[in-house]
Amino acid sequence: MAILSSLRRRSAAISVAAVAGATAVGVCLAVSSASAGTLSGSLYRDPSSAVVRWVAANPGDSRTAVIRDKIASQPQARWFANFNPSTVQSEVSGFIGAANAAQQIPVLAVYEITNRDCGGASAGGAPDLNQYQTWVSNFARGLGNQTVIIILETDSLALLTCLSSAEINARNQAISTATRTIKSGNPNAKVYLDGGHSTWNSAGETANRLRAAGVQYADGFFTNVSNYNSTSSEANFGRAVISSLNGMGISGKRQVIDTSRNGGASGDWCGDDNTDRRIGQYPTTNTGDANIDAYLWVKPPGEADGCRFTAGSFQPDLAFSLANGAPNPPTTTPPTTPPPTTTPPTTTPPTTTPPTTPPPNTTPPAGDGCYASIALNQWAGGFTASVTVTAGKSDINGWTVTVALPGGAVTSAWNAQVSGTSGTVGFANVSYNGRVLGRQSTTFGFQGTGTGPGVLADCVTS
């Protein structure tokens with residue numbers, strides 16, 4: 001996967017104009033009464049991402065626990081950056097099928113535009129725009145009909161310095177056509193176009209470029225994939241872009257913000273050599289801001305920018321630097337009634353075969369103690385499982401859940417310490433999620449080969 005090079009991170013001198021009128025940090029952040037955007041639901045965690053594979057392969061590494069708990073545990077975008085028109089439909093279909101079976105929203109980053117990155121470290125893409133449209137048509141055929149998020153062509157509109165006027169017009173038409181093709185393939189797809197970031201082009205110029213590329217056919221725009229700007233700065237910038245679009249007669253567009261690496265200092269664009277970066281807000285569709293549909297991790301934390309390491313390569317030192325000292329992931333607060341087991345849909349693509357019956361749950365305690373429920377995503381040769389641990393009437397200060405795996409083996413886990421890999425496997429809390437208040441919950445998950453859990457044994461407190 002080739003992702004992101006130097007040109008796109010350079011600041012523009014006119015960037016101050018992008019947030020004119022927003023002089024205080026956070027002035028345009030949502031207040032408590034603001035509603036969320038148009039998206040709702042849990043985001044899908046890719047079980048085969050580079051960071052998940054690294055964690056599974058390096059259980060004894062001193063960096064693993066931090067990377068596992070704060071990065072590998074989180075939903076991130078799957079990038080589609082290889083020109084593979086003959087296989088892209090099946091690749092998309094498999095990914096979408098797994099997300100649909102988990103009843104979660106997948107994030108797909110399309111990075112295939114001709115002459116992408118203006119020949120920089122992430123150069124590549126389709127050989128020409130006709131072949132690009134063929135690739136996009138095949139991509140769209142694999143999207144199914146449930147909600148998906150499409151991050152369409154990072155830097156394609158913010159970085160135009162290498163294109164002639166005719167090439168810019170052709171690119172705009174290609175992106176507009178791609179948007180409509182994706183929407184036609186899946187009417188429930190949420191498509192966002194490239195909005196650069198708050199220290200690049202001005203809000204007015206960004207709006208002009210979005211309009212030229214057909215944002216009227218999209219759901220909105222994304223920002224900050226190519227930088228580390230604070231969420232408040234990006235929200236202010238996005239608000240200014242939306243205002244400019246409204247002035248052009250284009251209303252109802254919303255923003256998504258990449259928060260994967262904006263929790264520390266800003267400054268030099270390249271993350272490969274910086275140790276003052278941190279992961280930002282954890283991914284969510286619950287933004288509390290009517291203008292912002294989601295905070296996403298589009299650029300996977302720990303994957304290089306291309307200045308020191310190969311662009312897109314996973315570097316554990318970078319991941320550890322981003323995660324070390326960052327806040328722990330939030331725990332969930334469920335309804336007062338015991339959470340039900342999630343049963344996958346009855347229809348899924350052939351590449352995904354969900355279990356015919358959900359694994360049993362533990363029995364909710366009448367008083368103190370804990371209980372657990374599990375949502376299983378099974379496919380040929382493997383599975384992922386998401387487990388919710390809920391306290392009984394009283395608070396608990398530690399928990400252990402045991403799972404029977406008669407035909408499978410655990411390869412990785414997140415938000416839990418694992419004992420054993422097959423047969424009867426134990427999962428215990430980590431440092432930050434052992435305390436669970438009465439009638440509230442926390443979650444952990446694991447991935448494995450073979451068949452998923454047959455029996456979820458007792459949840460016990462420490």
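A quick note: this is a predicted structure, and the numbers were derived from the prediction, not measured.
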Disulfide bond (SG atoms under 2.5 Å apart): which pairs involve residues 143-219, sequence neighbours left out? Cys118-Cys162
State, yes or no, whether a side-chain contact exists between Asn224 and His197 at a heavy-atom distance under 4.5 Å. yes
Is there a donor in the side chain of Asn262 and an acceptor in the side chain of Thr231, or the other way round, less than 3.5 Å apart? yes
Can you name the residues that form a ring-ring contact (aromatic ring centres under 6.0 Å, His included) with Phe221, not counting sequence neighbours? none
Quick one about Thr223 and Gln255 (side-chain donor to acceptor, distance below 3.5 Å, no hydrogens or angles considered), yes or no? yes
Salt bridge (Lys or Arg N to Asp or Glu O under 4.0 Å) pairs touching residues 212-230, sequence neighbours excluded, are Lys183-Asp219, Lys190-Asp219
What I'd like to find out is whether the side chain of Ile149 reaches to under 4.5 Å of the side chain of Asp293, using heavy atoms alone. no
Distance check, rounded to the nearest 0.5 Å: Asn100 atom CG versus Phe95 atom CZ? 10.5 Å
With disulfide bond (SG atoms under 2.5 Å apart) as the rule and sequence neighbours excluded, what pairs involving residues 181-260 come up? none
Are any side-chain N or O atoms of Trp79 and backbone N or O atoms of Val298, one a donor and one an acceptor, separated by less than 3.5 Å? yes
Using the test side-chain hydrogen bond (donor to acceptor under 3.5 Å, both in side chains), find all partners of Gln89 that sit at least two apart in sequence or belong to another chain. none
Shortest non-hydrogen contact from Leu163 toward Ile168: CB-CG1, 3.7 Å
Residue pair Val51 / Ile67, side-chain heavy-atom distance below 4.5 Å: yes
Can you check whether Pro453 reaches Ile374 side chain to side chain, under 4.5 Å on heavy atoms? yes
Any luck finding a side-chain donor-acceptor pair between Asn286 and Thr284 under 3.5 Å? no
Filter on salt bridge (Lys or Arg N to Asp or Glu O under 4.0 Å), then keep only pairs touching residues 39-56, sequence neighbours left out; what's left? Asp46-Arg78
Check: Thr179 side chain, Ala218 main-chain N or O, donor-acceptor pair, under 3.5 Å: no
Rounding to 0.5 Å, atoms CZ (Arg180) and CD (Gln216) come to a distance of 8.0 Å
Minimum-distance pair of heavy atoms, taken over all atoms of Pro301 and Gln76: CD-OE1, 3.6 Å
Partners meeting ring-ring contact (aromatic ring centres under 6.0 Å, His included) with Tyr282 (sequence neighbours left out): Trp297
Which residues satisfy the ring-ring contact (aromatic ring centres under 6.0 Å, His included) test with Tyr192, sequence neighbours excluded? none
Atom pair OG/CZ of Ser232 and Phe237 - distance to nearest 0.5 Å: 14.0 Å
Under a 3.5 Å distance rule, please check whether Ser176 uses its side chain to pair with a backbone N or O of Asn172 as donor and acceptor. no
Has Arg171 got a side-chain atom pairing as donor or acceptor with Ser156's backbone, closer than 3.5 angstrom? yes
Would you indicate whether the side-chain heavy atoms of Leu160 and Arg209 approach each other to under 4.5 Å? yes
Are a donor atom and an acceptor atom from the side chains of Gln173 and Thr177 found within less than 3.5 Å of each other? yes
Check: Asn328 main-chain N/O paired with Asp69 side-chain donor or acceptor under 3.5 Å: no
Contacts of Lys253 that satisfy salt bridge (charged side-chain N to carboxylate O under 4.0 Å, His left out) - sequence neighbours left out: none
Filter on salt bridge (Lys or Arg N to Asp or Glu O under 4.0 Å), then keep only pairs touching residues 311-321, sequence neighbours left out; what's left? Arg63-Asp317
All heavy atoms of Pro300 vs all of Ala77, minimum pair found to be CG-O, 4.5 Å
Non-hydrogen atoms of Ala126 and Thr114 that approach each other most closely: O-OG1, 3.1 Å
CG/Leu193 to CD1/Ile150 distance, rounded to the nearest 0.5 angstrom? 11.5 Å
Measuring from atom OG of Ser243 to atom CE of Met248, what distance do you get when rounded to the nearest 0.5 angstrom? 10.0 Å
Tell me whether Lys70 contacts the main-chain N or O of Ala326 through its side chain, where contact means a donor paired with an acceptor under 3.5 Å. yes
Using only heavy-atom distances, determine whether the side chains of Arg141 and Asn138 contain a donor-acceptor pair under 3.5 Å. yes
Counting C-beta onward and ignoring hydrogens, is there a side-chain heavy-atom pair between Gln131 and Asp128 closer than 4.5 Å? yes
Nearest 0.5 angstrom please: Asn186 CG to Ile96 CD1, how far? 7.5 Å
Under 4.5 Å between any side-chain heavy atoms of Thr206 and Trp200, yes or no? no
Of all heavy-atom pairs between Ala304 and Gln315, which one has the smallest distance, and what is that distance? CB-CG, 4.3 Å
Salt-bridge contact Arg239-Asp289 (side-chain N to carboxylate O under 4.0 Å): yes
Can a donor-acceptor pair be found, under 3.5 Å and without considering hydrogens, that links the side chain of Gln133 to the backbone of Thr181? no
Output all residues satisfying side-chain hydrogen bond (donor to acceptor under 3.5 Å, both in side chains) with Glu153, sequence neighbours left out; order by chain, then residue number. Tyr132
When you measure from the side chain of Glu112 to the backbone N and O of Asn82, does any donor-acceptor pair fall under 3.5 Å? yes
Are side-chain heavy atoms of Tyr44 and Ile105 found at a separation under 4.5 Å? no
Which residues pass the ring-ring contact (aromatic ring centres under 6.0 Å, His included) test with Phe139, sequence neighbours left out? Phe80, Trp135
Do any N or O atoms from the side chain of Ser260 and from the backbone of Lys299 form a donor-acceptor pair under 3.5 angstrom? yes
